Amino acid sequence: MPLSSYRMHRIYLAATMNYGLGSDDPEELAYYNKIRNEMDDMKTDSIKKGIPLNWDTPDRMDK
């Protein structure tokens, strides 16, 4: 049986706030671990800030 949107939201909150899940349901554990892994991946990705400047614009773009 698929997870209800209410249960998915509760699991999401637990994962993002670094709380334990408190459930042994395999579907809930899989969803919780998926969110935790995505959060860990976001922490390791570098963040590019600002606007990249490209000084070598083609002539047709300047008009």
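Just so we're clear, the structure is a prediction, and the values are computed from it rather than from any experiment.
- Applying the side chain to side chain donor-acceptor pair (under 3.5 Å) test to Ser23 and every residue at least two apart in sequence or in another chain returns Glu28.
- Met17 belongs to a hydrophobic cluster whose other members, connected by ILVMFWY side-chain contacts under 4.5 Å either directly or through intermediates, are Tyr19.
- Under the 4.5 Å side-chain heavy-atom criterion for Ile, Leu, Val, Met, Phe, Trp and Tyr, Leu3 and Leu29 are members of the same hydrophobic cluster.
- Here the closest non-hydrogen pair linking Gly20 and Ala14 is O-CB, 4.2 Å.
- Here side-chain hydrogen bond (donor to acceptor under 3.5 Å, both in side chains) pairs that include residues 30-44, with residues two or more places apart or in two chains, are Asn18-Arg36.
- Applying the salt bridge (Lys or Arg N to Asp or Glu O under 4.0 Å) test to every pair with at least one member in residues 11-27, sequence neighbours left out, gives no pairs at all.
- Both Met39 and Tyr12 are members of a single hydrophobic cluster when ILVMFWY side chains are connected at heavy-atom separations under 4.5 Å.
- Counting only residues at least two apart or on different chains, no salt bridge (Lys or Arg N to Asp or Glu O under 4.0 Å) pair has a member in residues 13-23.
- By the side chain to side chain contact (heavy atoms under 4.5 Å, CB included) test, Ser4 is found to be paired with Tyr6, Arg7, residues two or more places apart in sequence or in another chain being considered.
- Applying the salt bridge (Lys or Arg N to Asp or Glu O under 4.0 Å) test to pairs two or more places apart or on separate chains, none has a residue in residues 10-21.
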